[in-house]
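Reading through the structure tokens given below for one structure.
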Amino acid sequence: AQKVTQAQTEISVVEKEDVTLDCVYETRDTTYYLFWYKQPPSGELVFLIRRNSFDEQNEISGRYSWNFQKSTSSFNFTITASQVVDSAVYFCALVNNAGNMLTFGGGTRLMVKP
Amino acid sequence: DTGVSQNPRHKITKRGQNVTFRCDPISEHNRLYWYRQTLGQGPEFLTYFQNEAQLEKSRLLSDRFSAERPKGSFSTLEIQRTEQGDSAMYLCASSVHRDGELFFGEGSRLTVL
């Protein structure tokens, strides 16, 4: 069975602060993929990143960066210099190599105040 | 292409009525997924199609739920004899690859009174 836990249900920061969203996962598979999605108020889930279990390199894309640590089963997401437009619910998700089903965490609601 | 399209966006119905949602995926995507999302929760997988074949169904998909994708293009999700517990956002997504990025629609919100 797979499980994704996002312990932070809600985070509030002031614009320009850095913020890290935590994600911890459980799986028995050796090959799997991890994802982050953003869900703005409009409701549409927007893909941010996919990472496979064999690639532990951290990734940076603009103000976004991801830290994958297999030893602690974590895939954390950091937003640097947050902006009001970053306000949304962020979901971490997992799928194994054989499956077609994404397992989502409960999400973290990020509120960035001006 | 404008992405994954779902309609209706909102549906309010009385308990016991039947409802149907439609999803039009991105045209070249052969994989189509339905998820359900309740308030404050992450999306939960319901079912998956590859072309017209329904290959996987969640235990969440009770006998009152049926999904089809007759020609491998658009899909419908029907809920019969709706219950208040069916109130949720129903999300459709499509993709090209099995482990690839899913493209989600904006969802169809169901409210059962």
Side-chain angles (χ1 to χ4, degrees), chain A residues 1-10 21-27 29-55 61 75 88-111, chain B residues 2-10 21 23 25-26 29-51 53-61 67 69 88-110:
Chain A
Q2 300 177 146
K3 187 177 179 182
V4 177
T5 302
Q6 295 179 252
Q8 306 148 308
T9 54
E10 206 167 286
L21 310 182
D22 298 333
C23 172
V24 174
Y25 62 91
E26 296 174 29
T27 180
D29 298 295
T30 54
T31 303
Y32 52 88
Y33 298 83
L34 295 161
F35 300 78
W36 275 94
Y37 281 84
K38 175 181 179 180
Q39 189 173 40
S42 62
E44 182 176 344
L45 282 150
V46 177
F47 168 85
L48 295 178
I49 190 171
R50 181 185 78 149
R51 171 69 72 204
N52 77 53
S53 53
F54 296 107
D55 183 1
S61 175
F75 186 43
V89 182
Y90 291 86
F91 291 97
C92 181
L94 166 73
V95 66
N96 65 25
N97 191 44
N100 300 294
M101 180 183 78
L102 265 181
T103 298
F104 284 85
T108 298
R109 179 177 298 278
L110 174 65
M111 292 176 290
Chain B
T2 56
V4 178
S5 175
Q6 292 188 246
N7 64 81
R9 294 291 313 281
H10 303 275
F21 299 115
C23 171
I26 294 171
H29 288 186
N30 61 343
R31 297 170 182 270
L32 186 146
Y33 308 78
W34 285 99
Y35 283 79
R36 181 172 71 184
Q37 185 178 21
T38 52
L39 203 61
Q41 303 295 318
E44 296 172 296
F45 172 80
L46 291 178
T47 191
Y48 155 69
F49 289 86
Q50 184 167 333
N51 299 311
Q54 187 174 20
L55 297 184
E56 202 162 337
K57 290 170 62 173
S58 162
R59 288 170 295 177
L60 292 174
L61 216 64
R69 194 182 182 198
M89 177 77 86
Y90 290 85
L91 297 167
C92 178
S94 68
S95 73
V96 174
H97 302 296
R98 181 183 65 196
D99 50 17
E101 170 188 353
L102 295 190
F103 293 80
F104 282 85
E106 292 183 314
S108 293
R109 182 172 295 285
L110 173 65

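Since the structure is predicted, the reported quantities are computational estimates derived from the model, not experimental observations.
- Within the 4.5 angstrom heavy-atom criterion, only side-chain atoms of B:Leu91, from C-beta onward, approach chain A.
- When heavy atoms are compared at a cutoff of 4.5 Å, B:Tyr35 approaches chain A solely by way of its side chain, counted from C-beta outward.
- A tilted orientation is assigned to the rings of A:Trp36 and A:Phe75, their planes being inclined by 30° to 60°.
- Every residue two or more places apart in sequence or in another chain that forms a side chain to side chain contact (heavy atoms under 4.5 Å, CB included) with A:Thr103 is listed here: A:Gln2, A:Val4, A:Met101.
- By the salt bridge (Lys or Arg N to Asp or Glu O under 4.0 Å) test, B:Arg109 pairs with no residue at all, sequence neighbours left out.
- Looking at B:Gln50, there are no atoms closer than 4.5 Å to chain A (heavy atoms on both sides), in backbone or side chain.
- Contact annotation for A:Gln6: neither backbone nor side-chain heavy atoms come within less than 4.5 Å of a heavy atom of chain B.
- Residue A:Arg109 places its CZ atom among 12 or fewer non-hydrogen atoms of other residues, nucleotides or ligands, all under 6.0 Å distant.
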